[in-house]
Amino acid sequence: MRPNFPLRVKAVTIDLDGTLADTIPDLAAATNLMLRELGRPSLEVARIRDFVGKGIPKLVERALAGSVDGVAPPALVARALGAFERFYAEVNGRHSLLYPGVREGLQALRQMEMPLACVTNKSARFTIPLLEQLGLASFFGQVVSGDTLPQKKPDPAQLLHACREFGIAPRDMLMIGDSLNDAQAARAAGCPVFCVTYGYNEGQDVRGLDVDAIVPSLIEAKRLIQKA
């Protein structure tokens, strides 16, 4: 059963990679530097795009295996992960770009006095510098990173944590993301969820996801909600 619009909510949480910013250029650069150090061939950026969505360790394993469902020896993944993180710290934010309507959407939400949280599977050591470099850090009252809790999306724990910090019920907090991870986490938490039409979603079309709305931008998402 879909909600009536405009949807009345008390807070909004927003995913980072693929929703706020296209971070693939930085992730691809670090991935290929890692592969080169390991003596492996580089991958096309389009291929790496499909590997993004379940955190950096999974991206590294997928790059080593060469497929979304591939696996690699744990010792190799651990070695490669160390190399990736070293390279990614160097390039993080260097080539990432905000998607159209993101800054305007965040400004509009702030004008509504809507509390905002960024909820991402990216570790805090990369999340905070990236938000600062993109000029977005000041918009968010909360940042829940991939290592804030033991669990990551699609587990609902990060969203439930954000609800507790805001002091609201899950039904009153909207999640905006770009992937199955976001949709599943929101549904499990009991939050309404919108997905943007762009982003990554591991190569799948978001139009097939169980979400409350599909939106082309954060501006369009803002037009579908009201402050409760």
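Inspection of the Asp22 and Tyr200 side chains reveals an N or O donor paired with an N or O acceptor under 3.5 Å.
One finds a salt bridge joining Asp212 and Arg187 here, because a Lys/Arg side-chain nitrogen approaches an Asp/Glu carboxylate oxygen to under 4.0 Å. In this structure, Glu85 pairs ionically with Arg125, as a charged nitrogen and a carboxylate oxygen lie closer than 4.0 Å. Remark: Arg86 engages Glu37 in a salt bridge, criterion side-chain N to carboxylate O under 4.0 Å. Ion pairing between a basic and an acidic side chain is recognised when a charged N comes within 4.0 Å of a carboxylate O; Arg47 and Glu44 show no such pairing. The pair Arg8-Asp172 does not count as a salt bridge, with every side-chain nitrogen at least 4.0 angstrom from each carboxylate oxygen. Under a 4.0 Å N-O distance rule, the pair Lys153/Asp182 qualifies as a salt bridge.
Looking at Leu27 and Asp17, their side chains come closer than 4.5 Å, going by heavy atoms from C-beta outward. For the pair Thr148/Gln158, no side-chain contact is recorded, criterion being any heavy-atom separation below 4.5 Å from C-beta on. The shortest distance between side-chain heavy atoms of Cys118 and Thr13 does not fall below 4.5 Å. With contacts defined as side-chain heavy-atom distances shorter than 4.5 Å, the pair Ile128/Glu132 qualifies. Side-chain atoms of Arg110 and Ser138, non-hydrogen and from C-beta on, do get closer than 4.5 Å to each other. Looking only at side-chain heavy atoms (C-beta outward), Thr197 and Val215 stay at 4.5 Å or farther from each other. Leu134 has its side chain out of reach of Leu20: every pair of non-hydrogen atoms, C-beta onward, lies at least 4.5 Å apart. The closest side-chain heavy-atom distance from Phe140 to Leu106 is below 4.5 Å.
A distance of 9.0 Å separates CG in Leu59 from OH in Tyr88, rounded to the nearest 0.5 Å. Taking CG of Asp26 as the start and OG of Ser96 as the end, the distance is 3.5 Å to the nearest 0.5 Å. Atoms OG and CG, from Ser42 and Leu35 in turn, are 6.5 Å apart once rounded to the nearest 0.5 Å.
Under a 4.5 Å side-chain heavy-atom cut-off, the cluster of Ile, Leu, Val, Met, Phe, Trp and Tyr residues that includes Leu97 has no other member. Applying the under-4.5 Å side-chain rule to Ile, Leu, Val, Met, Phe, Trp and Tyr, the cluster around Leu180 extends to Val119, Val144, Leu159, Phe166, Ile168, Met173, Met175, Val193, Val206, Leu209, Val211, Ile214.
By the neighbour-count criterion of 12 heavy atoms within 6.0 Å, atom CG of Asp69 is sparsely surrounded, having that number or fewer from other residues, nucleotides or ligands.
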